[in-house]
Amino acid sequence: MLEPYVRPGIDDRPDLDKALSPEDKAAVARLAIKDRRRPPEASADQPEAQTVRLAAAGSSAAAAAAASVDTPAPDMSSAYLDMRDPMVAADGQRPTTGQVSRLNWGFFAASILVGAPWIALNTIAMPNAVARLFGYDTAALQVTINPATGRPLPVATDLAMPLAVLVIVGVVASMFAMPLISVLSDRTRTPLGRRTPWMVAGGVLCALLTLLLGQNTGIVVLCIFWALMQFAYAMLSAPLASAISERVPDKFRPRIERWHGIGVMLGQALGVCMGAFGVMFDSFTPFTYTAVLFAVSGILSVLILPKEPSSIEQPRQLFNSDQVLDQLRPPAHAPAFARVFTARTCMMTGVGLTGVFLWYLVRFWVYGKAVVFTSAPLTLPAGFLIAGMAAATLVGAALASWAAGPISESIEEKNIPTTRVVAGACLLYAIGLGLAWGLGVWSTGTARENGMLLFALISGFAFGIYDSLGLELVMDSLPDPRRAGHDLGIYALANSAGLALAAIIGALLVNAFEHSFGYYLLFPSAIVMVLLAGIVTLTAESAQ
């Protein structure tokens with residue numbers, strides 16, 4: 001009987017499962033390539049994500065994102081550094097033309113929806129809530145005049161300290177909220193993606209806490225709710241910043257980040273106007289529509305943006321508290337970075353000295369005298385003035401974003417150090433403060449209103465130039481390009497440090513003097529801090 005043909009090397013191959021011993025199988029397994037899925041990059045290590053957070057944090061810092069100055073963060077994972085397709089996003093998606101448009105307008109709308117209610121709370125609603133807790137209802141229809149001074153009672157110099165306590169509580173809570181939410185968001189595994197659930201839940205939680213903040217509670221309860229509000233807002237804002245770096249391909253990122261910066265500027269101006277006009281009617285009104293806007297912000301942002309891909313297949317990662325604390329550790333042996341950080345802290349302290357107490361400045365200093373021939377509440381002229389200042393700041397920031405590009409090209413052609421231009425922006429900001437202070441102290445009539453409007457216009461332009469060109473100094477001072485995302489996150493903490501210092505210094509100055517004289521001192525102290533920021537910036541030039 002004929003035997004079937006055996007194909008050499010095919011039919012005569014041994015069954016390895018039977019031929020190999022367990023020891024042989026273990027040896028082969030050790031040599032095999034293990035195809036394990038790597039987890040995506042953490043948001044704290046994404047330079048683009050930290051740049052977006054930095055642009056959305058300052059009062060006019062978005063001008064840097066909206067400007068045409070080419071100062072990209074040193075992103076070592078950029079598609080332009082290897083053979084990857086720049087039309088593919090970091091999450092592996094290749095968006096179509098329609099999806100790119102939705103990404104553009106989605107992040108633009110999200111920056112307005114998220115930023116406007118937050119600015120309304122910080123600028124007007126919360127300072128007015130603190131005033132109401134201590135019996136100073138600035139929305140009251142009647143004004144009692146002190147016969148000895150001819151000024152309205154009360155002048156409310158004792159409000160500065162509780163407001164400063166509230167601001168410091170918020171700053172400390174925010175410093176831990178952002179890193180914690182970033183780490184938790186990176187590890188989210190749902191069919192809706194990593195960022196979408198946090199944005200929707202964060203918006204709803206912000207709305208609920210906003211309604212609680214508007215109630216008549218004690219200062220301790222208000223501080224507790226305000227600390228919780230920092231975590232809720234981090235749930236909304238931190239995933240949004242990370243989504244830009246993950247979902248936008250490198251090819252379209254400059255354009256989308258520019259429109260995001262424009263949206264941040266518009267949202268900040270709109271938020272100030274919302275708070276100013278809302279407090280004219282009732283103390284609780286700003287909290288009402290702010291809560292509504294918070295509730296829809298996360299939902300509308302998700303609906304406008306293309307659907308986020310599922311993150312269920314993402315590898316599981318154990319939570320490690322060191323990853324949260326690492327985002328608060330400054331880089332070691334980085335003197336240039338330390339100087340830039342110090343200059344930023346001084347600048348934000350000067351900005352915060354007027355920004356933190358803006359509502360009290362306008363209500364109790366600019367309109368510190370009795371309003372003659374009217375029974376309307378003093379919140380009406382104060383609200384209109386703050387709305388005008390918001391519009392003036394927006395105009396100044398827009399001019400700065402337009403002029404930053406030509407200025408950068410001009411100083412590069414003439415070989416002028418960028419540090420001098422940034423220090424000049426600090427000087428210009430100090431001049432704006434001096435105008436508001438001088439017109440308020442030595443002039444009468446509408447001089448104070450005009451001085452505040454001029455200050456808003458000049459400061460918006462000066463701070464926009466400071467941020468747009470100062471970003472070059474920040475990028476040059478980063479000690480390690482491979483840790484650019486981490487170091488940019490540390491640099492963003494200068495905003496929080498400056499805000500806390502401004503609250504402390506301002507409260508001490510205002511409480512040290514009776515009546516409204518303490519508010520006079522906010523301007524010269526802000527001038528000192530801004531000029532100090534310029535001096536520290538110039539020392540960075542001599543160190544290079």
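Positions are given from 1 along the sequence. Because the structure is predicted, anything quoted here is derived from the model rather than measured.
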Do Q268 and T393 get their side chains close enough for a donor-acceptor pair, meaning under 3.5 Å? no

Check the surroundings of atom CZ in R329: do more than 12 heavy atoms from other residues, nucleotides or ligands lie under 6.0 Å from it? yes

Test item: M348 and L499 side chains (from C-beta on) under 4.5 Å apart, heavy atoms: no

Cationic N near anionic O, under 4.0 Å, R195 to D186: yes

Measure up the F463 and Y466 rings against each other and bin them: parallel (under 30°), tilted (30 to 60°), perpendicular (over 60°). parallel

What is the ring orientation for W226 with W118, classed by angle as parallel under 30°, tilted 30 to 60°, or perpendicular over 60°? parallel

Check whether any side-chain heavy atom of V88 lies under 4.5 Å from a side-chain heavy atom of P249, and answer yes or no. no

E412 CD: over 12 foreign heavy atoms closer than 6.0 Å: no

Does S297 use its side chain to pair, donor to acceptor, with the backbone of F294 at less than 3.5 Å? yes

Under the side chain to side chain donor-acceptor pair (under 3.5 Å) criterion, do D24 and S21 qualify, and how do the steps go? CA-CA 5 Å; D24 294 335; S21 65; 3.0 Å; yes

Are W198 and L184 close enough that some pair of their side-chain heavy atoms sits under 4.5 Å apart? yes

Answer yes or no: is there a side-chain heavy-atom contact under 4.5 Å between M126 and F287? yes

